[in-house]
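The structure appears right after this line, and notes come after that.
Start at 1 and go down the list; that is how both ligands and their atoms are numbered.
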Amino acid sequence: MMAGAVGTDAFGPELLAVLQSDGIETRHVCTKDGTSGLAFITVDESGENTIVLSAGANGALKPDDVKGVLELEDVQAILIQNEIDWATNEYVLRQAKAKGIRVLFNPAPAVRIPEELLHYIDLLVLNESETELMTGIAADTREHAERAARSLIAAGVRQVIVTLGAAGSLYVCDSGEVVFTPAFRVKAVDTTAAGDTFIGSLAASLTKGRPMSEALVHASAASALAVMHKGAQASIPTEEQVVRFLEEQAG
Ligand code: ADP
């Protein structure tokens, strides 16, 4: 289920139709006067991207608009990121904690999360630049990523994953467990949505009951498939494609 907002522009109904055609429940996507959220993306020859974001309707999403989601009976996990109003994220964090709902958080675009809210996050997934902004530590090596993740855990987050692009990802848990998951070696055409695909896949796996180490491999495979294809949303693979890719890789 997706919660959020679209605008009253031509993109609004189109965005909803795309989600619905993928079988995503959009009952909690509301419509706000004005434009939909827009991302202007440039991709260089190596497949790296630069994104200029216009929050549009997402920026107008208020706590009242998402109240209904938190009141649903069987919510196992909520995945949030920073394209909506910060006050709404803060509301979701507090409510989810009170109701025992697992919260996965991808702080993109990067903003500093107030320290007193870090213990509301069960799993924080962040890339190198988000890690640097939140911790002041440049996560340019596995060691530095681990140090950054440990500083976030010391500040209250339960589990942290630092994604390192083509170098893979590092998971650190407050229990002391550390798991490094290499990226699959693929030809990157367009890395847009690699992080989004990674965390989306992870959320799906964890709610299905997959153990973390397996969920990490699935997420790595899903995002490898995403970077092999052009586009953002259009490059995100289905579960079936991920399973097939993993079978092929296993030989
Ligand atoms: P973001 O898109 O948020 O910047 P990353 O670039 O760290 O996130 O990518 C997230 C995950 O996607 C990585 O941990 C890795 O598993 C996968 N990935 C990213 N780039 C590549 C690549 N060039 N080849 C294979 N996998 C990749």
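- Within 6.0 Å of CZ on Phe180 lie more than 12 heavy atoms contributed by other residues, nucleotides or ligands.
- Residue-environment remark: CG (Asp44) exceeds the threshold of 12 foreign heavy atoms within 6.0 Å.
- The residues Arg150 and Glu143 are annotated as not salt-bridged, no charged nitrogen and carboxylate oxygen being separated by less than 4.0 angstrom.
- With salt bridges taken as basic N to acidic carboxylate O contacts below 4.0 Å, one links Arg94 and Glu90.
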Nitrogen or oxygen contacts under 3.5 Å, ligand 1 side and protein side:
{"from": "ligand 1", "atom 1": "2 (O)", "to": "Gly195", "atom 2": "N", "distance (Å)": "2.9"}
{"from": "ligand 1", "atom 1": "3 (O)", "to": "Asn127", "atom 2": "ND2", "distance (Å)": "3.2"}
{"from": "ligand 1", "atom 1": "4 (O)", "to": "Asn127", "atom 2": "ND2", "distance (Å)": "2.9"}
{"from": "ligand 1", "atom 1": "7 (O)", "to": "Thr163", "atom 2": "O", "distance (Å)": "3.4"}
{"from": "ligand 1", "atom 1": "7 (O)", "to": "Thr163", "atom 2": "OG1", "distance (Å)": "2.8"}
{"from": "ligand 1", "atom 1": "7 (O)", "to": "Gly165", "atom 2": "N", "distance (Å)": "2.9"}
{"from": "ligand 1", "atom 1": "12 (O)", "to": "Ser223", "atom 2": "OG", "distance (Å)": "3.1"}
{"from": "ligand 1", "atom 1": "14 (O)", "to": "Gly168", "atom 2": "O", "distance (Å)": "2.9"}

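- Annotation: Tyr120 is not in aromatic contact with Phe105 [ring centroid separation under 6.0 Å not met].
- A heavy-atom distance below 4.5 Å is found between the side chains of Ile78 and Leu70.
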